[in-house]
Peer 1: 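Could you have a look at this structure, given as structure tokens, before my questions?
Indexing begins at 1, ligand by ligand and atom by atom, following the structure's order. Just so it is clear, the values below take in all heavy atoms, side chains as well, and ignore hydrogens, waters and symmetry mates.
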Amino acid sequence: MVQSSILGFPRIGGQRELKKVTESYWQGKVGVNDLLAKGKELRSHNWKLQKEAGVDVIPSNDFSYYDQVLDLSLLFNVIPDRYTKFELAPIDVLFAMGRGLQRKATDSTPAVDVTALEMVKWFDSNYHYVRPTFSHSTEFKLNTEAGLKPVDEYLEAKALGVETRPVIVGPISYLYLGKADKDSLDLDPISLLDKFLPVYKQLLAKLKEAGAKEVQIDEPILVLDLPKEIQAKYAEVYKTLAGSDVPEIVLATYFGDVRPNLSAIKGLPVSGFHFDFARVPEQLDDVVAALGDKQTLSVGIVDGRNIWKTDYSKASAFVAKAIEKVGKDRVVVSTSSSLLHTPVDLQNEKKLDATIKDWFSFATQKLDEVVVLAKYASGEDVSKELAANAQSIKSRKESSITTNPKVQERLATVNESLSTRKVPFAERLPSQQAKYNLPLFPTTTIGSFPQTKDIRINRNKYTKGELTAEQYEEFINKEIETVVRFQEEIGLDVLVHGEPERNDMVQYFGEQLEGYAFTTNGWVQSYGSRYVRPPIVVGDVSRPKAMTVKESVYAQSITKKPMKGMLTGPVTCLRWSFPRDDVSQKVQALQLGLALRDEVQDLEKAGITVIQVDEPAIREGLPLRSGKERSDYLNWAAQSFRVATSGVENDTQIHSHFCYSDLDPNHIKALDADVVSIEFSKKDDANYIQEFSNYPNHIGLGLFDIHSPRIPSKEEFISRIEEILKVYPANKFWVNPDCGLKTRGWEETKASLTNMVDAAKHFRGKY
Ligand code: GLN
Ligand code: ZN
């Protein structure tokens with residue numbers, strides 16, 4: 001019998017229940033018991049759903065209140081001292097590490113003021129994990145104060161009658177994905193392996209005691225270019241971990257090609273391996289050759305990263321090939337990765353066009369897919385399912401919705417001159433300086449201002465038809481005016497309109513572009529309680545009409561200060577959408593670049609001549625391994641940005657913005673933006689500042705963390721800027737936050753920005 005499995009299920013709930021309860025908890029509206037009860041309810045719901053769907057191997061510990069990597073930091077006591085001195089409850093320590101905490105003293109509790117740990121992209125996905133942060137004083141132990149999450153959740157499922165396979169990030173990946181804390185910058189986290197392993201093994205033993213037969217240990221770093229020393233760790237680590245006192249181990253890799261590291265895992269004493277064949281089917285022969293006689297092969301063939309229906313005929317042929325090599329008993333049909341990256345349930349989509357909807361499969365539907373494929377491979381009769389699937393696949397292939405000959409013709413005209421500005425930066429700069437006459441240390445923000453409840457309520461009313469277009473526009477204009485007046489009041493130099501009309505920086509454009517479909521409930525966790533609803537690229541993309549001109553022009557009309565137009569760049573639009581899988585990402589990015597080019601030119605014509613084109617996802621799209629795919633990506637990603645931005649006059653100032661990741665200044669250089677702003681406030685590494693010191697154009701290194709409600713003082717800003725100015729020339733430096741302020745409240749936004757602008761003024765006085 002061929003078994004079915006999944007590597008993880010979305011934990012947010014079909015109606016975003018987790019977000020609602022977590023945020024209520026943060027606001028003090030519900031207590032910790034309500035929070036925990038909701039978590040339990042969600043887990044139970046998900047396990048039952050999987051059981052009812054007939055999935056054989058069901059994961060546990062895939063749930064998290066914030067992030068599964070952060071959970072491990074709490075569990076293994078990897079908690080920097082600054083979070084432990086306030087005697088917070090474990091769940092509050094978790095949240096403090098995830099998002100920072102600032103709280104006034106009360107009679108019974110001390111004041112708290114800690115920043116969040118660094119948060120970075122989970123491989124090439126739009127999920128973010130909180131970076132384990134180690135120091136010389138890190139003392140690994142099982143932090144039972146917080147319970148033992150993997151064990152507790154295993155038992156919880158068992159009590160519901162569901163036998164599960166706990167999932168945990170593997171020890172090597174956990175350390176490798178972490179970093180040294182500020183006080184221990186000389187520390188290489190991997191050097192902690194010897195101390196860490198006994199504690200990790202203790203956890204596995206506890207799982208065994210609880211009855212777990214098998215654990216899924218994720219070692220996703222196995223798809224990266226790993227240094228020899230890291231490769232060499234696998235043999236010794238897994239030899240130490242495995243044994244009769246711990247559950248059987250299935251070692252899972254995903255998001256890429258494991259072949260360059262295959263020798264590192266060949267012969268490990270584990271019961272089986274999981275590989276991502278949705279992404280890299282070509283690795284089948286090699287990984288099979290590396291398997292031991294008894295080891296199982298988990299065939300990740302149902303895509304955990306996209307929403308297209310699995311083509312049963314192709315997938316089952318692939319599974320058959322695997323079976324031919326290792327036999328039925330050793331094959332498990334699985335999702336390529338955790339389903340965390342897909343929306344919960346297609347059934348919740350009531351407005352999608354029926355034809356298009358039939359092409360999609362969300363997490364809940366993917367459960368059926370692994371089950372059907374496993375049944376088919378086992379020889380059961382699933383002819384009905386197969387026939388229906390063939391019909392959907394054919395309908396998509398033959399649909400006219402996917403093809404637009406005009407777009408394809410225009411795409412053929414893209415060349416170097418279409419993607420290069422008229423003159424180089426050095427020649428553009430004087431005309432821009434003459435036009436805007438900005439002071440030294442010009443201040444600006446990244447675009448969005450607090451998305452208040454009021455904004456959401458009005459947007460909802462408008463969507464439901466309870467407000468007319470005029471009423472809604474009036475409301476938006478009022479919001480814009482508030483934001484503009486506030487910026488004038490505190491003395492910001494380059495203003496923004498605040499993006500009140502945007503539900504999301506990608507979805508907003510997706511909804512206005514042709515070739516896109518969008519969902520009403522297709523939420524996917526991005527980090528913590530932030531979820532996004534990625535639109536779906538279903539066909540060739542084009543722009544029927546201007547998308548942002550009206551709001552920007554209105555904002556400019558009420559101020560004399562320069563108003564920055566605000567667009568989301570082609571790569572980010574693509575990366576934060578579910579892309580097509582029937583044409584290349586390059587083609588999709590260039591099509592988006594052309595659509596945005598028209599928008600940039602329309603803005604310019606309308607008098608908006610400072611234009612920011614955000615590309616926060618450019619790093620995330622970088623192929624995980626070096627080589628041709630990566631260099632090709634860098635070329636087409638930069639080109640699509642330049643296609644969008646190069647059709648303007650010399651004195652039009654193009655800004656761009658990046659966040660969430662360690663960027664290579666060279667990648668940014670290739671975009672040739674006049675000014676870039678990058679997330680920076682949590683980068684403690686002096687080398688990182690150094691790397692950017694040679695960046696040729698102007699740059700704003702983010703000065704405060706917008707993921708945290710914490711307010712930095714003016715002095716804090718000053719010392720941060722002082723640090724930066726040690727390596728960075730003052731005349732190139734912009735003053736701005738890390739990113740947009742949409743997730744923040746007004747109170748902290750006002751205070752933080754005021755302090756930031758005051759700090760800029762302080763420096764102007766000195767130069
Ligand atoms: N302009 C966007 C904003 O301010 C940028 C968001 C982002 O980079 N993630 O919200
Ligand atoms: Zn950003």
Peer 1: Go through the steps for Ser552 and Leu603 under the test side chain to side chain contact (heavy atoms under 4.5 Å, CB included), then give the verdict.
Peer 2: CA-CA 8 Å; Ser552 289; Leu603 281 168; 4.0 Å; yes
Peer 1: When you draw lines from the Zn ion (ligand 2) to SG of Cys739 and to SG of Cys659, what angle lies between them, to the nearest 10°?
Peer 2: 120°
Peer 1: Output the list of atoms in ligand 1 that are nearer than 4.0 Å to some heavy atom of Lys742, sorted by atom number.
Peer 2: 6 (C), 10 (O)
Peer 1: Flag Ser448 as yes when one of its N or O atoms lies below 3.5 Å from any N or O atom of ligand 1, and as no otherwise.
Peer 2: yes
Peer 1: Are any of the N/O atoms on Leu741, whether in the backbone or the side chain, positioned under 3.5 angstrom from an N/O atom of ligand 1?
Peer 2: no
Peer 1: Give yes if a backbone or side-chain nitrogen or oxygen of Glu499 is under 3.5 Å from a nitrogen or oxygen of ligand 1, and no if not.
Peer 2: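 Yes; at least one N/O pair falls below 3.5 Å.
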Peer 1: Look at the rings of Tyr462 and Tyr472 and say which category their plane angle falls in: under 30° parallel, 30 to 60° tilted, over 60° perpendicular.
Peer 2: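 The rings of Tyr462 and Tyr472 lie parallel, inter-plane angle below 30°.
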Peer 1: Of the listed options (Pro737, Gly569, Cys739, Gly740), which comes nearest to atom 7 (C) of ligand 1 when hydrogens are ignored and any heavy atom counts?
Peer 2: Cys739
Peer 1: If the cut-off is 4.0 Å to any non-hydrogen atom of Met505, which atoms of ligand 1 fall inside it?
Peer 2: 5 (C), 6 (C), 7 (C), 9 (N)
Peer 1: In ligand 1, which numbered atoms sit nearer than 4.0 Å to a non-hydrogen atom of Gly447?
Peer 2: 4 (O)
Peer 1: Angle between ring planes, Tyr66 versus Trp26, binned at 30° and 60°: parallel, tilted or perpendicular?
Peer 2: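 The rings of Tyr66 and Trp26 sit tilted, inter-plane angle from 30° to 60°.
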Peer 1: What are the atoms of ligand 1, with element, lying closer than 4.0 Å to any heavy atom of Cys659?
Peer 2: 8 (O), 9 (N)
Peer 1: Which label fits His698 and Phe425: parallel for a plane angle under 30°, tilted from 30 to 60°, or perpendicular past 60°?
Peer 2: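 Geometry flag for Phe425 against His698: perpendicular rings.
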Peer 1: Report yes or no: do Gln68 and Arg11 form a side-chain donor-acceptor pair below 3.5 Å?
Peer 2: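 A pair is found: one side chain offers a donor N or O, the other an acceptor, under 3.5 Å apart.
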Peer 1: Report yes or no: do Tyr516 and Ser577 form a side-chain donor-acceptor pair below 3.5 Å?
Peer 2: yes
Peer 1: Against heavy atoms of His657, which atoms of ligand 1 measure under 4.0 Å?
Peer 2: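 The list of qualifying atoms is 8 (O).
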Peer 1: For Phe578 together with His341, are the ring centres under 6.0 Å from each other?
Peer 2: no
